[in-house]
Colleague: 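For reference, the structure I am asking about is given below.
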Protein chains: 2
Amino acid sequence: MTIKEIARLAGVSSAAVSRYLNGGYVSEEKKEKIREIIEKTGYRPSIQARNLRTRQTRLVGVVVPKISSETISRVTDGIGKILQEKGYQMLLATTDNNPEKELEYMELFENYPVDGVILIATILTRKHRKHIRETKIPIVVIGQHLEGENCVYHDDYGAAKEMGIYVGKSGKQKIAYIGVTREDKAVGTGREDGFLSGLAKCGMKMKDGLRKEAKFTMESGYEKAFELLRDNSDIDIISCATDTIAAGALEAIQKDFPERKGSIQITGFGDNQFLKAVTGGIPTVHFGYKTSGVKGAELLIDIIENGQDISVQMKLGYEIKNLQSEKKRE
Amino acid sequence: MTIKEIARLAGVSSAAVSRYLNGGYVSEEKKEKIREIIEKTGYRPSIQARNLRTRQTRLVGVVVPKISSETISRVTDGIGKILQEKGYQMLLATTDNNPEKELEYMELFENYPVDGVILIATILTRKHRKHIRETKIPIVVIGQHLEGENCVYHDDYGAAKEMGIYVGKSGKQKIAYIGVTREDKAVGTGREDGFLSGLAKCGMKMKDGLRKEAKFTMESGYEKAFELLRDNSDIDIISCATDTIAAGALEAIQKDFPERKGSIQITGFGDNQFLKAVTGGIPTVHFGYKTSGVKGAELLIDIIENGQDISVQMKLGYEIKNLQSEKKRE
DNA sequence: TTGTACGCGTTATCAG
DNA sequence: CTGATAACGCGTACAA
């Protein structure tokens, strides 16, 4: 069913139908006739052909590393809220943490096309930077700092440093850390360096062999924590780079070393609500994930609608949660 | 940069460039010339214009109610795996459990367009049925049974019945149930009716006032469980329609009624791995969510590529996990 | 107010 | 093997 057929059936020109659809001049009687035919045939204009013509889609593509993550769904919640308000729709693409797929989908979005792209980033390779620099549609990066490009990110280093200080002052002696790949500048490098810096400020250091690198999954957190606990009988505290990893660490204690349950503390990052609900809450960092989604979407739409003169980098704060003093209430 | 400009720069016709891009007849020297120009300009064909012409996109749209859900990410994992193998890309749209948005996105996908749509369904309204019946692109529904249409669903009733029997035989006397809206035929109606039927088979019944209806969130599960515990001092067991709700119930016990922790059991549905890790595992039902994604995607692609003669409805089995006998190990 | 005619960037056809 | 040229479905000057 095309606009031509509708025109023919209604006995008008396709231009008249187009005007009817887009609010141009059409006489009342033709309007009525067209309405009737459209109603009867269930005709829908091809968005595709329209976009080819108008060069805008009111669509935003969002590339995410995975969807089974509370963190990411908070960000996309924020994005979705703004897009909805502004009359845009959101298309999501997941990449399973596969950088190649990230590029693929960014290209798909670029010439499918959409009006803009938001990338929730983990690892930014040289190819990523090149693509972001050269792409013709607006791109906003969320979760990583990228100098010279539009991005909204969190103060991972600062938060981790404060967490390090908390741990350093807690009186615990044997401290372990489970991080993630340092290729991830925010979660890997930022949190690890910040944490160590915080410890150092209290005159504490981590011993060799007490630093592990996990993937972004609970299973991986479980494995690394298991190794730590198996090889070290006197660990006091395990700080984890994400709450998901921390959940794995909790599992390791509970399942394989239940006798040490009382003597080991776990800390995390991300303020995972699920974890908080079922455990009562471990010390963790609350980042404004929903806010970063909101800010990122607002920035993108502003660029789409008003063009861009200079790039914007936005850093968001944090809050440490469930520290000792708060836990007394229970 | 368009195909015409490339053609002009390479001194050939646009048709030759098109053939070069799609593997048709081009002489070696022209090939080389075209390759060079494309390389130099970074030209990418407009997928959009191509699709307008070819009427196929190798793209599948997936409409989901939310993304912050382990259940749904297991399904999309399965879908993504198959699509990847078959050379399709996947676009996701989330609707926040808003039926209107579901329709909106299904229409977007239909004429944006994509080659097929998968709907992970919760509530199927009359409008949904109408749309699914009348749409011109193949649609597969996952998670709900829909007679006469393509769907892959789980045996919610059967699983719930078995859970009901387990609870009925457990010796617990005062049984509560937190379900979800009966508009959701699978999770709402199927699980509740199955559960009650299982209880009945053991000669058990639920007392009035011990049945609550929650939303699909932990917060809602918390509230309903809190009300139950506050108003009834002798509840033995709370069976929940999802593990997410169950997590909320665990929170209510832990936070507000810690003294009753040992005397109340919680059961769920969904075999949430996160919950299992941090709690050791409550009795729950494992459905083949990843499998339903796989089967749904295979079915869809088969229809896209080979057309469809008759509709297919596929029911998947289940497995009850973490029953008493298994828990003894701890 | 209306309709004709053209262009958006491709691919497919067909004559050379 | 190659290159014009006609679609694909729509929006929009422009002329009527």
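Chain letters run A, B, ... following the sequence lines, proteins first, then strands; residues in each count from 1. Computed from a prediction, not measured in an experiment: that's the story for all the values here.
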Colleague: By the 4.0 Å heavy-atom rule, please label A:Lys30 as base, sugar-phosphate, or nothing.
Modeller: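 Answer is sugar-phosphate: A:Lys30 comes under 4.0 Å of backbone atoms only.
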Colleague: Indicate, with a heavy-atom threshold strictly under 4.0 Å, whether B:Asn22 touches base, sugar-phosphate, or nothing.
Modeller: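 Answer is sugar-phosphate: B:Asn22 comes under 4.0 Å of backbone atoms only.
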Colleague: Test your reading of the model: is there a side-chain donor-acceptor pair from B:Asn98 to the backbone of B:Glu100, 3.5 Å cut-off?
Modeller: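 Checked: pair present.
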Colleague: Salt bridge between A:Lys31 and A:Glu28, side-chain N to carboxylate O under 4.0 Å?
Modeller: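 Salt bridge between A:Lys31 and A:Glu28, a charged N being under 4.0 Å from a carboxylate O: yes.
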Colleague: For a quick check of understanding: with a heavy-atom distance under 4.0 Å over all strands, which category does A:Ala15 fall into, base, sugar-phosphate or nothing?
Modeller: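 Answer is base: heavy atoms of A:Ala15 come under 4.0 Å of a base.
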Colleague: So what does B:Tyr43 touch, heavy atoms closer than 4.0 Å: a base, only the sugar-phosphate, or nothing?
Modeller: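 B:Tyr43: backbone/sugar contact only, no base atoms under 4.0 Å.
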Colleague: What's A:Arg55 touching, base or sugar-phosphate or nothing? Going by heavy atoms closer than 4.0 Å.
Modeller: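 Sugar-phosphate, backbone atoms only, no base.
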Colleague: Atom CD of B:Gln48 to atom C1' of C:dT10: distance rounded to whole Å?
Modeller: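 From B:Gln48 CD to C:dT10 C1': 10 Å.
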Colleague: Work out how much the helix from C:dT1-D:dA16 to C:dG16-D:dC1 bends between its end axes, five pairs an end, to the nearest 10 degrees.
Modeller: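 For the helix from C:dT1-D:dA16 to C:dG16-D:dC1, the axes at opposite ends meet at about 50°.
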Colleague: Using only side-chain N and O atoms of B:Thr2, determine if any of them is under 4.0 Å from OP1 or OP2 of C:dG9.
Modeller: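 Negative; the distance criterion is not met.
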Colleague: Between B:Glu32 and B:Arg35, is there a salt bridge with N-O shorter than 4.0 Å?
Modeller: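 Yes, this pair counts.
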Colleague: Grab the OH-P distance between A:Tyr112 and C:dG9 for me, whole Å please.
Modeller: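 Result: 17 Å.
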Colleague: Rounding to an integer number of Å, can you tell me how far B:Leu21 CG sits from C:dG9 C1'?
Modeller: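 Taking CG of B:Leu21 and C1' of C:dG9, I get 12 Å after rounding.
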Colleague: Check the distance between C:dT11's P and B:Tyr20's OH and give it to me in whole angstrom.
Modeller: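 Distance check: B:Tyr20 OH to C:dT11 P gives 13 Å.
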Colleague: With a strict under 4.0 Å distance from non-hydrogen atoms of chain B, what nucleotide opens and what nucleotide closes the contacted stretch of DNA chain D, reading 5' to 3'?
Modeller: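 Endpoints of the contacted stretch of DNA chain D: D:dC1 to D:dG9.
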Colleague: Could one point to a donor on the side chain of B:Arg53 or the base of C:dT10 with an acceptor on the other under 3.5 Å away?
Modeller: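 A donor-acceptor contact between them is absent.
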Colleague: Is A:Ser14 near enough to C:dG3 that one of its side-chain N or O atoms lies under 4.0 angstrom from OP1 or OP2?
Modeller: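 The answer is no; no side-chain N or O of A:Ser14 sits under 4.0 Å from OP1 or OP2.
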Colleague: Within the 4.0 Å heavy-atom criterion, would you say A:Ser46 contacts the bases, only the backbone, or no part of the nucleic acid?
Modeller: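 Sugar-phosphate: the residue A:Ser46, judged by heavy atoms under 4.0 Å, touches backbone atoms but no base.
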